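Worksheet: one structure, shown below.
A quick note: this is a predicted structure, and the numbers were derived from the prediction, not measured.
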Amino acid sequence: MTAIYKKELRTYFNTLTGYIFLGFFVAITGIYFMMNNMDAGSLNYVDTLAGSLMLFWVLIPVLTMRLFAEEARQKTDQLLFTSPVGVWGIVLGKFLAAVSLFIIGVLITGIFPFILSRFGDIAIGETINVMFGYVIMGCALISVGIFISALTDNQIVAAVATFAALFVLFMIDNFTAEMPITAVSSLVFAALVIVILTLVLYSSVKNLWVSLGFFVIALGIELILYYFNPSLYDGLISKFFGWFSMISRFENFYAGVFSLADTVYYISFAFVFIYLTVNSIEKRRWS
């Protein structure tokens with residue numbers, strides 16, 4: 001894994017990708033920081049990071065589109081997958097390299113408020129807290145980009161698909177407001193989720209009986225809960241999609257509150273997509 005990590009990090013700086021990412025990130029964040037503090041009349045790095053979240057739409061695709069798509073295009077992925085490093089090591093090495101470059105960018109912008117601190121006081125605790133939330137949220141989004149990059153051999157397709165996925169994650173709060181809230185619609189939605197989970201389980205274990213058993217038990221539990229307490233399903237669709245909201249979970253960090261629950265969510269989110277990436281590569285490896 002260490003060899004993959006060093007190779008990928010070196011590649012970022014041997015090509016324009018790393019410099020474009022850092023230059024764009026630092027420049028736009030710096031401009032926003034200057035304009036924000038000129039308007040507010042105080043040193044506020046917290047608002048700067050919160051306002052720059054939309055940069056993720058552009059920067060994460062740039063950061064991740066090459067990682068696996070380029071390997072597949074150049075047909076070097078087979079050499080990589082037959083190396084002594086396991087698939088988990090390969091994926092984690094690439095993931096950590098992308099995260100490292102992202103953290104470098106955040107640390108550079110973190111210098112801004114300290115340089116200007118002679119003009120006023122800065123809230124160090126709040127600044128560190130929001131930087132932490134910003135970084136782990138970025139890690140979660142990077143895992144999405146890596147997963148999509150592993151599904152294609154075209155960097156442009158990977159970038160566009162990642163942009164679309166991040167757009168949905170960022171706009172999910174707006175979508176949930178339009179979701180149906182009746183118990184019946186939620187019951188149907190829950191059944192569809194069970195079907196999808198059953199298909200994912202079958203894809204992983206390749207055991208029909210285990211998958212069918214899971215489906216029957218899960219569907220039975222759903223119907224029993226609906227029979228005894230249908231009110232549990234009121235607004236379930238909105239609650240389900242709202243749980244995936246990236247923005248709402250960042251609000252605690254923005255408010256200066258360290259949230260263990262949101263930290264665990266971002267880390268778990270990243271782990272799930274890293275697992276999906278590994279699973280996708282394993283299937284392609286043995287197909």
Side-chain angles (χ1 to χ4, degrees), residues 86-92 95 136-137 139-151 161-162 164-166 168-249 252 259-287:
V87 177
W88 273 99
I90 294 170
V91 174
L92 286 175
F95 171 75
I136 60 174
M137 181 180 176
C139 292
L141 298 177
I142 287 171
S143 70
V144 176
I146 288 180
F147 170 66
I148 294 175
S149 180
L151 299 178
T162 301
L166 299 190
V168 171
L169 288 172
F170 272 75
M171 299 301 293
I172 204 165
D173 288 330
N174 300 78
F175 300 150
T176 54
E178 305 299 326
M179 297 291 181
I181 61 174
T182 63
V184 174
S185 59
S186 296
L187 183 69
V188 174
F189 173 76
L192 289 175
V193 171
I194 291 173
V195 170
I196 293 172
L197 291 176
T198 301
L199 293 175
V200 171
L201 178 63
Y202 177 74
S203 176
S204 299
V205 302
K206 300 297 183 183
N207 189 310
L208 180 61
W209 294 110
V210 171
S211 302
L212 284 176
F214 168 81
F215 175 76
V216 171
I217 293 172
L219 189 63
I221 293 173
E222 177 196 358
L223 294 174
I224 290 171
L225 289 174
Y226 180 78
Y227 178 80
F228 286 102
N229 192 359
S231 63
L232 286 174
Y233 291 86
D234 291 337
L236 178 64
I237 301 177
S238 297
K239 293 176 183 176
F240 177 84
F241 285 105
W243 190 81
F244 290 98
S245 173
M246 288 286 176
I247 297 296
S248 63
R249 291 185 176 275
N252 281 325
S259 173
L260 181 60
D262 294 331
T263 300
V264 171
Y265 170 81
Y266 284 133
I267 294 174
S268 301
F269 188 97
F271 176 81
V272 168
F273 273 92
I274 290 172
Y275 169 78
L276 291 175
T277 304
V278 172
N279 193 47
S280 173
I281 292 172
E282 287 284 9
K283 285 184 179 179
R284 192 172 68 193
R285 185 183 187 185
W286 299 109
S287 61

CZ/F214: more than 12 non-hydrogen atoms of other groups inside 6.0 Å: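 Enclosed.
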
Which pair of non-hydrogen atoms, one from [X] and one from [Y], has the smallest distance, and what is that distance?
{"X": "A165", "Y": "I148", "result": "CB-CD1, 3.9 Å"}
{"X": "A150", "Y": "S280", "result": "O-OG, 4.1 Å"}
{"X": "A190", "Y": "E222", "result": "CB-OE2, 3.3 Å"}
{"X": "T277", "Y": "S143", "result": "OG1-O, 4.4 Å"}
{"X": "V91", "Y": "I281", "result": "CG2-CD1, 3.7 Å"}

Value rounded to 0.5 Å, distance of [atom1] in [X] from [atom2] in [Y]:
{"X": "W88", "Y": "F95", "atom1": "CH2", "atom2": "CZ", "result": "11.0 Å"}
{"X": "L197", "Y": "L192", "atom1": "CG", "atom2": "CG", "result": "11.0 Å"}
{"X": "T162", "Y": "I142", "atom1": "OG1", "atom2": "CD1", "result": "11.0 Å"}

Residues which pass side chain to side chain contact (heavy atoms under 4.5 Å, CB included) with [X], listed by chain and number, not counting sequence neighbours:
{"X": "L169", "result": "L141, V144, L166, M246, F269"}
{"X": "Y202", "result": "L208, S211"}
{"X": "I221", "result": "I217, L225"}

Is the ring pair F273/F147 parallel, tilted or perpendicular, if the boundaries are 30 and 60 degrees?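 Taking F147 first and then F273, their aromatic rings stand perpendicular (interplane angle over 60°).
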
Side chains of I274 and L92 in contact at under 4.5 Å (non-hydrogen atoms):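 Result yes, sub-4.5 Å side-chain heavy-atom pair found.
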
Under the side-chain hydrogen bond (donor to acceptor under 3.5 Å, both in side chains) rule, collect the residues that match up with D262, sequence neighbours excluded.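 Once residues adjacent in sequence are excluded, the partners of D262 under the side-chain hydrogen bond (donor to acceptor under 3.5 Å, both in side chains) criterion are R249, N252, S259.
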
I'd like to check the side-chain hydrogen bond (donor to acceptor under 3.5 Å, both in side chains) partners of S268; sequence neighbours left out, ordered by chain and number.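 S268 satisfies side-chain hydrogen bond (donor to acceptor under 3.5 Å, both in side chains) with no residue once adjacent residues are dropped.
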
Hey, could you give me each pair passing side-chain hydrogen bond (donor to acceptor under 3.5 Å, both in side chains) that has a residue in residues 184-198? Not counting sequence neighbours.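 Of all non-adjacent pairs touching residues 184-198, those that pass side-chain hydrogen bond (donor to acceptor under 3.5 Å, both in side chains) are T182-S185.
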
